[in-house]
Amino acid sequence: MKVDTVLRLKDVPGMLIKALEPISSHGGNVISVTHSREEKGLVSVHVSFKVQDQSSLNLIRRALEKQRIIISEMAIEGRTYITKKSLSFILVGHVIDTDIRDTIDRINEVGMVSGIEVVMPAPNQKSSVLMDVEIDEKSNGILLSLVEKICKEKEFLLVRSL
Amino acid sequence: MKTVKLIVVGFGTIGKGTLEVLRAKHRDLMEKQGCDVRVVAICEIDGTLVNGKGVNIDSVLKAAAAGKLRDHPDWKNMKSLQAIEEIEADIVLELTPGDIKTGEPGISHIKKALECGKHVVTSNKSPIALKFQELTALAEKKGLKLRYEATVGGAIPIINLYRDSLEINKVGSIYGILNGTSNYILTKMSEEDVSLETALKEAQELGIAERDPSYDINGTDTAVKLVILANSIMGKKISYKDISVKGIQDITPDAIELAGKHGFVIKLVGDVNGLEVSPRLVPLHHPLNVSGTLNAVMLDTDIAGTLTLIGHGAGKIQTASSVLADVIDIMKDMQDS
């Protein structure tokens, strides 16, 4: 069966090979690879391949996820069944001291924190933290209310994307 | 040729700008519109210049510049409400700076004008945001026009564009950068890596920010404009208290730098559909990423698609463009009837 995917890869050397390897090693035959550099940080790569059956595809998915490669879209024989989107937001406040692990864990229950960058001017000052979260399109609203709840609780300023 | 008489209420920045443009464009208005536009009264806080044949705009502007308005031969000890009631005119231009909490004196001026059978054009956002339903209903009842293009986005013709050209569309969302001062500050912080306090101080020195800029910084000004857009374009019936408002006061240079590194800028965005004013991450190449004091409004419509208007959100001459667009519109209607 024919599988069309959009993978979101870090913009570093060797990532593409790392992403294609699990496909071929589980019997996938790559038909085409195109990539578009739209945003900073991550690159969207469209990969189409043919695979024997569903169980081989499952193996490929698991292998990709193990490498922390994000599958933002997947269609089998033209029928879409995953669409993920990436959301970015900035938290300003005492983000580290208010248990950043807990913040990330709670967000991971709804989506997946795929990137995080922290700027800490001094230990007693407010830090700024940018998070990228991969999420199923339909869970957008749930994620937003969760993040708003965390911000209220931990007194962060939330700067979310448009 | 038809003579159209105006009463100008409020002789601050926008009042003066409007008179300057009228002085410069008087002949244009006669040739293009076939109307001889005359200003028959100019109301200040403590008196009114009155001349039934039309004040000499040039001499008034010169007197005002010299601080000798009260020595002008047309100066009378007449209060604005009395002038609106007693002086014969077609259109009242309500150009006072409104108090955001009470809407006065603008609300009283607008009501008095409509009750006395005069059309109204205003640049004063507070009365329109606070009493939208009441004032538009009063105008309709009296068969008069109440126009308020200059209240939102300065020179950007968003309200009239919707009314004249987009009415077939259903507007799904409106996002706006509606406050020049906060946008100037965010732009400075991002381009020059300075603190909010430094950027604000510079804005004040340049005359962009007022001495008390709290309404610009804390999002109040944007929220008031958002109320006007929601009511006039999206047909909502909302007031200021329905809006969640967060300003830019807690935005740090670190946050701006971090956003920049990931391809974003931080902007104070009014989200009309979400009834929210808050700092948001806007992609670097997004049409709403306008710099300095510029304003921008983005409409999502079902037929026309997405439209973005960018322009000067303030400035005495630029705002006068919207005030006079409304005046011309009313004059055309007067000629038709």
Side-chain angles (χ1 to χ4, degrees), chain A residues 8 10-11 36-44 85-98 100 113-135 140-141 143-145 147-152 154-162, chain B residues 172-177 182 186 189-190 193 195-196 217-219 244-290 296-300 306 308:
Chain A
R8 287 166 56 75
K10 290 211 173 80
D11 194 7
S36 52
R37 227 168 261 270
E38 297 150 345
E39 45 202 303
K40 283 192 181 174
L42 292 173
V43 182
S44 293
K85 59 188 239 178
S86 177
L87 280 179
S88 303
F89 53 84
I90 291 178
L91 306 173
V92 181
H94 296 288
V95 187
I96 314 294
D97 299 341
T98 52
I100 192 166
V113 177
S114 61
I116 187 159
E117 187 169 346
V118 180
V119 181
M120 266 176 93
N124 57 342
Q125 280 180 29
K126 286 180 180 177
S127 48
S128 301
V129 177
L130 185 137
M131 286 191 189
D132 295 313
V133 179
E134 304 299 320
I135 186 165
N140 203 353
L143 176 72
L144 181 61
S145 13
V147 173
E148 279 175 344
K149 191 169 162 231
I150 294 171
C151 286
K152 211 168 169 191
K154 301 191 177 184
E155 296 178 357
F156 302 154
L157 166 73
L158 168 66
V159 184
R160 64 188 167 95
S161 50
L162 203 59
Chain B
S173 67
I174 308 175
Y175 292 98
I177 311 288
S182 58
L186 291 173
M189 287 175 78
S190 131
D193 193 22
S195 69
L196 191 138
I217 306 283
N218 68 20
S244 142
V245 186
K246 282 197 195 81
I248 62 165
Q249 59 274 16
D250 296 324
I251 297 291
T252 58
D254 288 340
I256 286 181
E257 199 191 327
L258 198 51
K261 234 173 119 184
H262 290 257
F264 295 105
V265 287
I266 296 179
K267 295 280 169 196
L268 183 63
V269 174
D271 171 355
V272 180
N273 206 31
L275 300 180
E276 181 187 341
V277 174
S278 59
R280 301 281 278 265
L281 294 175
V282 173
L284 213 53
H285 301 295
H286 194 278
L288 283 181
N289 179 15
V290 292
V297 185
M298 194 172 100
L299 294 162
D300 242 333
T306 304
T308 308

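It should be emphasised that the depicted structure is a prediction, and the values quoted were computed from it without experimental measurement.
Contact of I266(B) with chain A is made through the side chain alone, with heavy-atom distances under 4.5 Å. With a threshold of 4.5 angstrom between heavy atoms, I251(B) approaches chain A through its backbone and through its side chain. Of the atoms belonging to L91(A), not a single heavy atom falls under 4.5 Å from chain B. Looking at S127(A), neither its backbone nor its side chain comes within 4.5 Å of chain B, counting heavy atoms on both sides. With a 4.5 angstrom heavy-atom cutoff, E276(B) touches chain A only via side-chain atoms. Using a 4.5 Å cut-off between heavy atoms, T252(B) contacts chain A through its side chain alone, with no backbone atom that close.
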**Request:** Might you work through the side chain to side chain contact (heavy atoms under 4.5 Å, CB included) test for V92(A) and D250(B), ending with a clear yes or no?
**Result:** CA-CA 8 Å; V92(A) 181; D250(B) 296 324; 5.7 Å; no
**Item:** Check against side chain to side chain contact (heavy atoms under 4.5 Å, CB included), L162(A) and H286(B)
**Value:** CA-CA 10 Å; L162(A) 203 59; H286(B) 194 278; 3.5 Å; yes
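Rounding to the nearest 0.5 Å places OG of S161(A) at 5.5 Å from CZ of F264(B). Remark: Q249(B) CD to L157(A) CG distance equals 8.5 Å, nearest 0.5 Å.
With a 6.0 Å radius and a threshold of 12 heavy atoms from other residues, nucleotides or ligands, E155(A) has its CD atom at or below the threshold.
Counting only heavy atoms from C-beta outward, the side chains of P121(A) and D254(B) approach each other to under 4.5 Å.
Considering only heavy-atom pairs separated by less than 4.5 Å from chain B, the leading option among L130(A), V118(A), V129(A) is L130(A).
In plain terms, the two heavy atoms of A255(B) and S128(A) that are nearest each other are N-OG, 3.4 Å.
For the side-chain hydrogen bond (donor to acceptor under 3.5 Å, both in side chains) test, no residue two or more places apart in sequence or in another chain qualifies with K246(B).
Applying the salt bridge (Lys or Arg N to Asp or Glu O under 4.0 Å) test to pairs two or more places apart or on separate chains, those with a residue in residues 116-126 of chain A are E117(A)-K261(B).
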